[in-house]
Amino acid sequence: MPTCVPTHTADPNRPERAHPPHSPPHGPPPDRPRRLRIAGADLSAAVAVFLIALPLSLGIALATGAPLQAGLVAAAVGGIVAGRIGGCPLQVSGPAAGLTVVTADLIQQYGWRTTCTITVLAGLAQIGLGCLRVARGALAVSPAIVHGMLAGIGVTIAVAQAHIVLGGTPQSSVPDNLRALPAQLANVDPAAVAVSVLTLTLLLLWPKLPGRAGRLLRMVPAALVAVAGATATAAAAGLVLAEVDLPSWRSHALAGLPEGPVLGLVAAVLTTTLVCSVQSLLGAVAVDKLVARRPGSGHVPRSDLDRELLGQGAANIASGCLGGLPVAGVAVRSSANVRAGAVSRNSTMLHGALVVVAALLMVPVLEFIPLASLAALVMAVGIQMVSLHHIRTVTRHREALVYAVTAVGVVFAGVLEGVALGIAVAVGVALHRLTHTRITHEVKEEVHHVDVRGQLTFLAVPRLSRALHLVPQGATGVVALDGSFMDHAAYEALQDWQNTHTALGGAVEITGRRPGAGVRLAEPAALISSPTTEGTDETGVPSGAGCRCRPWTAWRNHQCELPLSAPDDDRNDHDNRVTGGPSTTGSTSGSSGTGVAHEAGDAAGRQGGHHGRPPRPGTGDGPSDTDTDTGTGTGTGSASPAGSVSGAGGPKASRTGTDLVRGLSTFQRSTAPLVRGELARLAREGQRPTHLFLTCADSRLVTSMITSSGPGDLFVVRNVGNLVPPPGEESGDDSVAAALEYAVEVLAVRSITVCGHSGCGAMQALLDPRPDGTPSARTPLERWLRHGLPSLKRVRDGGGPGVRLAGRAPADTAEQLCLTNVVQQLEHLRAHASVARALQDELLTLHGLYFHVGEAQAYLLIETAAEQVFDRVRAEDLAL
């Protein structure tokens, strides 16, 4: 995608460009040598990552029992080799805490030289997997297993490093370390404990420094400050402590021939390959998510996971050959790289080069670092690997057992054994969910209800048959299916019972998860229905072609609706079934048209939108939207028991008038039991949203749907045209200003989004003023739309930077105004005092969003000095 699109008309006499405007040519000029250019953002990010990587690499090497130089080798190789070849440009690779336990076991069992060879073989295996293009398959591992593995490794690291923090030496396993801990507590080294406590204190408090000076100081990584502060304090106080010992590079041990049982070596290679690959691939996906959330990230390509495996394999081969630790993507360094503003893989490679320089020139300085300080740093990293957020997530998804078994298995048996146990438990839980179906029978008001919750397979057929035969002959039975799958055996059993029961005079109703939604079984053409509505679903709509129902979200009370082009007789029959009487003869009040006429009126209402300009007097015309999607009609009325309708709207209104009741009924029956606990918690704790979402009142914009949010997530302000009146504006609207003040100063939201949309009736009304050409303000709607006049002036005058969509020009002037209006309202937003103060204190961020209704596509605003571009919001993979 080009960086910018030329706005001038093409000149046939101008030579054609071979590259996008404002971008460098593809090749260097013949008379000028090609030079490597490194962006300033990459340089600053490389320095920031280097300052984090240096102490962590030494600490991880200390925790594994490897030579301390091995950590520096792995950091340098991970930055240069994996950074150059890997498929995730901004992921930083090096010695990872997740590999600490695996590497420590290998060193203890096989020795250091054989461990280096195992690292080389693991790299070859990774290259093989990358060539087979199976990287995406690694993401099939349950997140509960990955979180449990990391938690188990974190516990193992923390328990082992606790001995060094106390001045002792760690044992070979967690049980041994726990048994030796009481004796270690009885022989504490006060100097080691003091240095460790100082390190942990600086590590925890440094990111929380307040004020403007604190913001400047926080630019220095906390890990570097903690180690440097502890080292300086220990040197100034003259404490006698074990310190970093970096032997001469001449005596550095390299890889050697493997020694040990073949099966054990194979298992070691597989374990190293698994942990390195999974951690790197999940880290690459997480980096993609961080980059996508960062403004101005459209030019950073998404990760190529197969290439990332190739890069990690090459890095492990190089690291093992040079006597370094195994290499994998590191979350801490990668997130720091993204936050520091890196824009290319140059930052990762430059960080590796800085590590090489430090390893060669800073050895005398590094040897002043106390081992207790490094141990405290690594212990803090291990504790952070046991994430409460991950625990809450797996508990919410009912996978706490998988998480716990994996974590305990890693702690007491080993990484490979723990992961194998976690996979076995995850498979067992999945099978249990597939086969465990709850079937209940109860009688309410002489109606027998059979509720089926879960997947309906052949294993549940015996229990289903017992429950169905509890319905007496001739009685009314309601079967509620609350599941997403039904196999052929269950379908046959249910169909046979229904046919038999209805043949003996009984009545059957089979429902899905929502009232008004037909239940389709395993056979595509089969639709279960009651004997009184043969061939129709519960709404009375024929099951044949012409039904416009689509799969929809669980909270949508979607209704079946025939196309507007359906024959009149079919539409009349449809209305007849919905209202209980013929649509052309039913008693109505305030309407004299036929059912077809009412449908046409509703269609016109749908085309016009809900807040477009009012019809011109005497014409009956309403504004037309550029979108072609449909919504519900605007007629109102109530259906009488006899099927007659009172109020305007005719037969269609009788159905529309019950939508609210249907929706409430669906919520109380299906959704309320699931969310009651969460809403009760929100009721106790009060609302604590982190985001203010200001958007249009258009009924087609469902904020919870397009943002995947739920109760308590968004503080929503909606008005006609998503307008933000400037402060002090004459005839302004204090409700928007009050909402801003309350959200920013009371709720302390961290971000505000202004969301416009395609086909906005308010913008169309601005473009098509009243006949006299002046935007008079005789009605409340016209007075309100005056706040959109700056947007209109901006479009017509062309003032300020251009506003466009990425990849294409706006479809018409109306879409251009919709886009410009979002940018203009953000400027109005910055003028409000509460917002300006929060922006100045860096407590708030502003976002612009454009939602194209017809495409169901969201576009995020990316602002530069030259222009404002709305770029697509790309689909994000699920990651940690």
Side-chain angles (χ1 to χ4, degrees), residues 1-8 295-298 609 611-613 623-629 693-698 700-701 703 706-707 717-726 751-769 785-831 845-874:
M1 180 182 302
T3 305
C4 56
V5 176
T7 56
H8 56 76
S297 60
H611 62 263
R613 59 182 175 84
S624 62
D625 250 351
T626 58
D627 297 323
T628 58
D629 55 336
F693 199 84
L694 194 151
T695 188
C696 186
D698 194 297
R700 298 166 297 180
L701 263 68
T703 57
I706 65 177
T707 61
V717 176
R718 305 186 69 149
N719 61 51
V720 175
N722 48 275
L723 301 178
V724 181
S751 63
I752 301 177
T753 295
V754 176
C755 176
H757 69 97
S758 63
C760 181
M763 299 299 103
Q764 183 64 42
L766 286 172
L767 286 172
D768 194 6
L785 290 180
R786 293 175 63 186
H787 301 303
L789 292 179
S791 303
L792 180 62
K793 184 176 185 298
R794 188 167 182 163
V795 169
R796 289 178 172 171
D797 297 346
V803 183
R804 66 178 180 87
L805 283 172
R808 68 173 177 87
D812 50 24
T813 308
E815 186 170 52
Q816 181 67 56
L817 180 57
C818 292
L819 297 172
T820 305
N821 184 58
V822 173
V823 177
Q824 184 66 41
Q825 301 313 313
L826 285 173
E827 293 185 5
H828 291 178
L829 198 60
R830 295 185 183 98
T845 58
L846 303 183
H847 306 280
L849 182 66
Y850 176 71
F851 185 77
H852 195 289
V853 179
E855 297 175 356
Q857 176 67 54
Y859 296 82
L860 270 177
L861 175 63
I862 301 172
E863 295 187 272
T864 63
E867 62 180 352
Q868 285 95 6
V869 180
F870 285 87
D871 200 359
R872 285 177 178 268
V873 177
R874 297 171 178 84

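Only a predicted model underlies this, so the values are computations on that prediction, with no experimental measurement involved.
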Original post:
Out of L849, I862, V803, which residue meets the side-chain contact (heavy atoms from CB on, under 4.5 Å) rule with F870?
Top reply: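 Output: one option passes, namely V803.
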Original post:
Picking from L819, D698, V853, what satisfies side-chain contact (heavy atoms from CB on, under 4.5 Å) with S758?
Top reply: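 Considering L819, D698, V853, a side-chain contact (heavy atoms from CB on, under 4.5 Å) with S758 is found only for V853.
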Close side-chain approach of [X] to [Y], heavy-atom, < 4.5 Å:
{"X": "L826", "Y": "R830", "answer": "yes"}
{"X": "H852", "Y": "L805", "answer": "no"}
{"X": "H847", "Y": "L861", "answer": "no"}
{"X": "E827", "Y": "P790", "answer": "no"}

Is there a donor-acceptor pair closer than 3.5 Å between any side-chain N or O of [X] and the backbone N or O of [Y]?
{"X": "N821", "Y": "G721", "result": "yes"}
{"X": "Q825", "Y": "V724", "result": "yes"}
{"X": "T695", "Y": "C755", "result": "yes"}

Say you draw a straight line from [atom1] of [X] to [atom2] of [Y]; how long is it, rounded to the nearest 0.5 Å?
{"X": "H757", "Y": "M763", "atom1": "NE2", "atom2": "CE", "answer": "8.0 Å"}
{"X": "F693", "Y": "L701", "atom1": "CZ", "atom2": "CG", "answer": "7.0 Å"}
{"X": "Q824", "Y": "H787", "atom1": "CD", "atom2": "NE2", "answer": "13.0 Å"}

Subject >> From CA spacing to verdict: side chain to side chain contact (heavy atoms under 4.5 Å, CB included), I752, L846 >> reply: CA-CA 5 Å; I752 301 177; L846 303 183; 3.8 Å; yes
Original post:
Among all residues two or more places apart in sequence or in another chain, which pass the side chain to side chain donor-acceptor pair (under 3.5 Å) test with E815?
Top reply: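 Only R808, Y850 meet the side chain to side chain donor-acceptor pair (under 3.5 Å) criterion with E815.
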**OP:** Please name all residues satisfying side chain to side chain donor-acceptor pair (under 3.5 Å) with T813, sequence neighbours left out, ordered by chain then number.
**Re:**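 With neighbours one apart ignored, the set is empty.
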[X] and [Y]: which non-hydrogen atoms are nearest, and at how many Å?
{"X": "V720", "Y": "A762", "answer": "CG1-CB, 3.9 Å"}
{"X": "T707", "Y": "T703", "answer": "OG1-O, 2.5 Å"}
{"X": "R796", "Y": "L766", "answer": "NH2-O, 4.4 Å"}
{"X": "L723", "Y": "L785", "answer": "CD1-CA, 4.4 Å"}

**OP:** Show your working on side chain to side chain contact (heavy atoms under 4.5 Å, CB included) between Q868 and V822 and close with a plain yes or no.
**Re:** CA-CA 11 Å; Q868 285 95 6; V822 173; over 6 Å; no
